[in-house]
Number of protein chains: 2
Amino acid sequence: MTDRSPATPAVPSRGRLRPLGLDEVQITGGFWGRRQQINADVSLAHIEHWLDKTGWAGNFDLAAAGTLPEGRTGREFSDSEIYKTLEAMAWEIGRTDDAGLETRFRSLVRRVAAAQEPDGYVNTQFGRPGQAARWSDLEWGHELYCIGHLIQAGVARARTRPGADDGLLEVSCRAADLVCQTFGPDGVVGLCGHPVIEVALAELARVTGERRYLEQASLFIDRRGHQLLADVEWGRSYYQDDQPIRAATIFRGHTVRANYLAAGAIDVAVEQDDPELLDIVSQQWTATVARRTYITGGQGSQHQDEGLGEDWALTPDRAYSETCAAVASVMVSWRLLLAEGHSRHADLIERTLFNVIATSPSWAGDAFYYSNTLHQRRPGSVPPKDEVCPRAASSLRAPWFAVSCCPTNVARTLASLAAYTATVDDDGVQLHQYAPASIRTRLSDGRVVALDTTTGYPSNGVVTVEVAEDAGAPYTLSLRVPAWAAEATLVDQPRDGASVMSLVGPGTVTVTRDFKVGDRVELTLPMAPRLVEPDPRIDAVRGCVAVERGPEVLCLESTDLDLDAGSLSDLRIDPAVAPRDVEGRVVVQLLVADDEPTDWPYSADGPHAPRDVLAIEATLIPYHDWANRGPSTMRVWLPT
Amino acid sequence: MTDRSPATPAVPSRGRLRPLGLDEVQITGGFWGRRQQINADVSLAHIEHWLDKTGWAGNFDLAAAGTLPEGRTGREFSDSEIYKTLEAMAWEIGRTDDAGLETRFRSLVRRVAAAQEPDGYVNTQFGRPGQAARWSDLEWGHELYCIGHLIQAGVARARTRPGADDGLLEVSCRAADLVCQTFGPDGVVGLCGHPVIEVALAELARVTGERRYLEQASLFIDRRGHQLLADVEWGRSYYQDDQPIRAATIFRGHTVRANYLAAGAIDVAVEQDDPELLDIVSQQWTATVARRTYITGGQGSQHQDEGLGEDWALTPDRAYSETCAAVASVMVSWRLLLAEGHSRHADLIERTLFNVIATSPSWAGDAFYYSNTLHQRRPGSVPPKDEVCPRAASSLRAPWFAVSCCPTNVARTLASLAAYTATVDDDGVQLHQYAPASIRTRLSDGRVVALDTTTGYPSNGVVTVEVAEDAGAPYTLSLRVPAWAAEATLVDQPRDGASVMSLVGPGTVTVTRDFKVGDRVELTLPMAPRLVEPDPRIDAVRGCVAVERGPEVLCLESTDLDLDAGSLSDLRIDPAVAPRDVEGRVVVQLLVADDEPTDWPYSADGPHAPRDVLAIEATLIPYHDWANRGPSTMRVWLPT
């Protein structure tokens with residue numbers, strides 16, 4: 001162990017918990033191990049292919065050659081996809097030390113570096129003759145947003161390969177220096193229409209020790225909410241410029257923007273030791289989770305502005321639930337977990353990982369959801385393999401989008417996922433997410449933490465943690481019991497000694513002992529399928545239930561029914577018949593009506609009594625698995 | 001009576017029913033009479049004020065002066081607002097013969113005429129040096145759309161003041177001639193991204209007798225659906241270019257576009273004696289009413305694309321229900337009623353008039369709804385009096401919008417409203433909508449129809465029709481019994497003879513007699529408030545009821561409650577207590593819970609049992625009246 005910054009996405013200098021680097025914690029298989037493998041084997045190359053095919057990577061070559069704007073392709077923020085790809089590669093190299101990937105990474109870094117101008121500016125869309133001037137469109141230009149993602153890539157590289165000579169950190173620092181110079185206390189009183197520069201600068205300050213990056217992040221946070229940005233059709237809340245972050249009580253406006261901003265604000269609060277700001281954002285998170293979050297953990301109920309929507313307005317069939325919003329939400333929850341240590345933050349991370357982030361990529365890893373509806377009413381069509389698709393138009397995952405923020409965001413999250421599974425503090429180690437994993441680290445005083453986790457989670461609920469090395473002195477092993485796990489059991493099995501079994505409930509369960517090689521702690525989570533009722537204030541799903549099993553939200557997909565796809569609107573679940581686990585399949589009892597539409601669908605003649613012609617058994621599948629077997633209809637919420 | 005085209009919005013040359021002109025039928029007071037008066041006294045001048053204030057009318061002066069594009073203001077379709085204003089004025093002059101309005105009308109016509117180019121082209125946005133070329137953006141340019149509204153104004157003028165020397169009909173014909181020449185069988189194979197030219201050309205053919213206008217309308221209808229327009233993010237169904245109208249089974253895409261197109265298709269089908277096309281559109285209407293229409297008659301459940309949305313996707317809190325879509329829907333239903341004579345078409349017109357079109361203007365007539373939500377979750381703020389507002393951002397009506405299609409559309413509808421209330425055929429007269437009214441016409445063989453209707457409808461349900469002149473021979477008086485009127489009574493009261501009372505049900509009730517002066521027919525509709533249940537397939541309002549009274553949908557507005565506005569989400573209606581009519585107020589029993597949000601709004605611990613702390617009585621008001629008393633929250637659908 002060294003005392004350098006660990007190879008992990010967020011490294012606060014204080015807080016309840018300390019994150020582990022990718023050299024300290026690895027996922028060794030299972031559900032997430034498979035997804036990491038597909039991400040490495042398929043998705044990254046798929047993304048590189050599309051960055052070249054669309055010309056978005058080529059824009060940097062044109063910039064270096066001085067021939068822009070001619071031939072430039074892509075939206076104003078396409079540069080950021082190259083940076084998020086670099087970040088994903090950096091984490092993946094840190095995870096697997098893949099030499100081929102290192103070569104591809106360095107090649108892509110060179111193309112970016114060649115496009116950087118002498119004063120540090122880098123953006124292929126602005127500043128050249130024939131282009132709009134630098135910083136001339138702070139509302140929509142995304143220049144600071146792009147630099148933010150560049151910095152995040154530089155930070156990931158610096159943490160996974162400190163001192164490497166590829167130059168990405170230097171490119172990032174030069175861009176950051178220009179940002180500080182341009183928008184500093186004596187510079188332009190401006191901010192970016194799309195937050196992310198804030199969290200990026202705060203992280204760069206952590207990596208480099210340069211406090212002015214943090215101060216610039218803080219300045220951007222404080223400037224927001226004072227109407228420095230122009231109004232837009234759906235209001236300045238779209239980019240959180242309606243009120244200062246310290247005055248807001250809930251996340252609002254564009255969902256990705258809201259979460260990136262919150263992540264930056266937490267980093268600034270932690271580094272500037274500002275418990276008031278931390279508490280404000282934490283309370284906003286609590287309110288947002290209570291009133292503006294789908295059962296999947298997804299956020300954003302409005303297509304029009306990709307926005308969070310009002311309290312309780314969580315319509316499943318117009319759920320936007322953008323994949324990137326889930327990535328951003330995990331960033332926020334993780335920072336709150338590190339700062340405050342509450343299991344509810346890890347609960348939301350688990351829910352969001354299994355039910356949004358795992359949903360976005362196809363099984364094969366070469367197609368993605370941008371938005372994640374909870375109710376598909378019509379089978380869509382198979383998107384063309386070789387065309388850029390609209391972001392939220394198909395019922396099936398698409399290979400690439402005109403706005404293609406999500407594939408690269410998923411890639412960087414999966415590559416760094418191990419870092420979100422466990423932490424340490426002065427008293428011991430905390431397991432937050434369950435996967436086959438290996439942990440090798442030391443506590444601040446040198447006690448050895450060496451643990452191997454085996455589990456079939458989420459197929460089953462048994463998580464076995466085995467000690468691989470003597471600790472040297474007692475420490476505390478903490479395990480999260482998810483909020484949904486009403487009756488879990490913990491078995492403490494010292495290699496030499498009697499096992500002790502305890503019934504445990506949601507929250508955190510701990511075992512403190514001088515752990516020896518071969519000691520085991522086994523947590524068994526209840527995996528029977530559960531009927532879940534929504535809060536009665538969520539109007540759109542009144543009179544419905546969902547079924548969950550472990551951390552997974554389940555859904556009914558027409559593919560699993562011998563019925564017309566459209567008939568999902570004619571089904572009800574019989575709530576008197578509990579969902580059953582039949583050899584790993586979750587089976588429910590459905591009643592199928594054959595109502596024809598009436599001329600007018602509103603009646604004063606008492607309730608419609610649908611004629612149930614058929615009681616059938618149906619298999620529910622994990623929501624993240626849907627739409628992998630061709631066009632279909634689907635619903636998460638089942639009318640009772 | 002003359003045999004000229006009657007002064008009425010649609011004049012088919014064949015069909016089940018013949019429309020009456022504004023010289024044959026007038027509304028003489030009551031609910032709609034008041035609204036017509038406010039439209040004439042306030043709204044028209046308000047609109048003229050804004051057309052000048054925004055410069056949209058001034059664009060024509062700049063065009064005439066040859067100084068465009070410099071100084072042009074407004075969106076690419078702003079010319080159409082001037083044309084719809086002219087149409088509204090033409091109907092209003094036809095209705096009231098207002099000399100002052102005639103002067104204003106002629107002045108505005110002169111400004112338009114001066115901007116017309118020698119070849120008939122008129123549009124302030126295209127075709128000049130510094131502007132895009134004519135017809136270079138058929139998807140979004142709205143040139144044919146604008147000309148369509150110009151033609152509709154010309155048609156209205158020609159019908160209300162045939163032979164007038166103002167020149168508007170001539171301006172319209174010159175523009176139409178250019179359209180036929182440019183887009184005719186040997187011309188550009190193109191069509192407009194926003195239908196309306198079709199219905200306008202068909203009407204112009206009716207007024208002028210020029211069949212080539214009809215043929216051009218038919219050509220535009222047939223061209224649509226063959227992907228001649230570019231794809232857009234939400235698909236070509238947005239402008240109905242996804243499939244030919246003859247292949248479609250339901251209205252889809254942008255709601256206003258879908259309805260304008262259907263109106264044009266019906267006109268073409270009728271004039272070309274194409275019963276197959278008529279039947280196709282009629283079936284599309286039936287499907288749309290059954291599965292894609294709000295209880296208010298409003299259509300359009302998607303903000304993003306102002307679109308109809310999927311079957312059953314009728315979320316009240318994201319209802320778009322654009323005012324213009326209601327205007328367009330009335331145009332469609334009216335054409336189907338004239339062609340087919342079914343009372344269900346008049347039923348939807350009534351519902352749409354009372355619950356969308358009457359909702360748009362404020363009580364004062366100087367502010368409007370563009371979209372008509374059925375559930376307002378947060379009290380908004382009062383829009384500034386002197387600023388152009390976003391179209392769907394406020395909970396309150398706004399004086400004007402950046403896209404301001406709705407105020408002018410409401411104005412032209414209200415000014416011509418009498419024409420939608422009654423028709424004749426060879427056997428007699430049909431009353432479709434109830435208002436204090438006067439009818440003076442003759443049947444084809446000369447029998448005199450002279451009827452005076454008195455009624456307090458919709459405050460009460462008694463409609464009295466009195467014969468004002470001897471008929472000369474028997475004819476049939478038909479009265480629509482609305483679909484909601486389960487138990488109505490009809491009293492036939494000959495001046496000299498015994499009254500006969502009958503119980504009648506929904507549909508059409510007729511009295512055939514040789515009507516004499518003083519004879520009366522009195523229809524009494526049941527006006528007790530009704531609990532209405534939605535079809536179980538409308539997911540978003542499952543477990544809710546609405547309350548209707550007569551033709552009016554009612555709502556609960558926070559203004560009428562001694563509670564926090566936000567607490568509308570904590571209310572339930574007690575369906576065991578029937579809504580009561582208390583001296584004209586509709587009173588319901590509500591249960592108010594004081595649930596605090598939980599940390600996570602989904603629970604496997606059985607249904608949330610809200611703690612009812614308060615049973616209160618609350619007054620419901622007509623939905624069209626809401627938000628006239630300051631910011632508030634509101635809901636139409638009440639959870640049970």
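Chain letters run A, B, ... following the sequence lines, proteins first, then strands; residues in each count from 1. Every value quoted in this text rests on a predicted model; they were computed, and no experiment measured them.
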Checklist line | Heavy-atom pairs under 4.5 Å with chain B, option from Ala287(A), Ala313(A), Pro316(A) with the top count | finding: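 Counting heavy-atom pairs under 4.5 Å, the top option is Ala313(A).
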Next item on the list: Side chain from CB out, backbone as N, CA, C, O: work out which of these in Arg542(B) comes under 4.5 Å of a heavy atom of chain A, or both, or neither.
Entry: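 Both backbone and side chain.
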Margin query: Minimum heavy-atom separation for Asp539(B) and Pro639(A), please, with both atom names.
Written below: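 That would be OD1-CG, 4.5 Å.
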Item checked: Heavy-atom pair of closest approach, residues Val289(B) and Pro601(A) ->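 Shortest heavy-atom separation between Val289(B) and Pro601(A) comes out as O-CD, 3.5 Å.
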Can you tell me which portion of [X] sits under 4.5 Å from chain B's heavy atoms? Options are side chain, backbone, both or neither.
X	value
Leu571(A)	neither
Asp311(A)	backbone
Ser301(A)	neither
Asp317(A)	side chain

Check: For the candidates Val232(B), Ile295(B), Thr286(B), Asp347(B), which exhibits the highest count of non-hydrogen atom pairs separated by less than 4.5 Å from chain A?
Finding: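 The option with the most such pairs is Ile295(B).
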Next item on the list: Heavy-atom pairs under 4.5 Å with chain A are the metric here; pick the option from Gln304(B), His303(B), His375(B), Glu548(B) that has the most.
Entry: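 That would be Gln304(B).
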Next item on the list: Quickly, which of Arg378(B), Arg377(B), Arg318(B) forms a salt bridge (charged side-chain N to carboxylate O under 4.0 Å, His left out) with Glu310(A)? Name it, please.
Entry: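 Option passing the salt bridge (charged side-chain N to carboxylate O under 4.0 Å, His left out) with Glu310(A): Arg378(B).
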Next item on the list: Give the C-alpha distance, both sets of side-chain angles, the deciding distance and a yes or no for side-chain contact (heavy atoms from CB on, under 4.5 Å) between Leu348(B) and Trp600(A).
Entry: CA-CA 10 Å; Leu348(B) 188 69; Trp600(A) 179 244; 4.1 Å; yes
Item checked: Spacing of Leu568(B) atom CG and Arg537(A) atom CZ [to the nearest 0.5 Å] ->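 That separation rounds to 13.5 Å.
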Margin query: Taking the six-membered ring for Trp, are Tyr602(A) and Trp637(B) closer than 6.0 Å centroid to centroid?
Written below: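 Close enough - the centres of the two rings lie under 6.0 Å apart.
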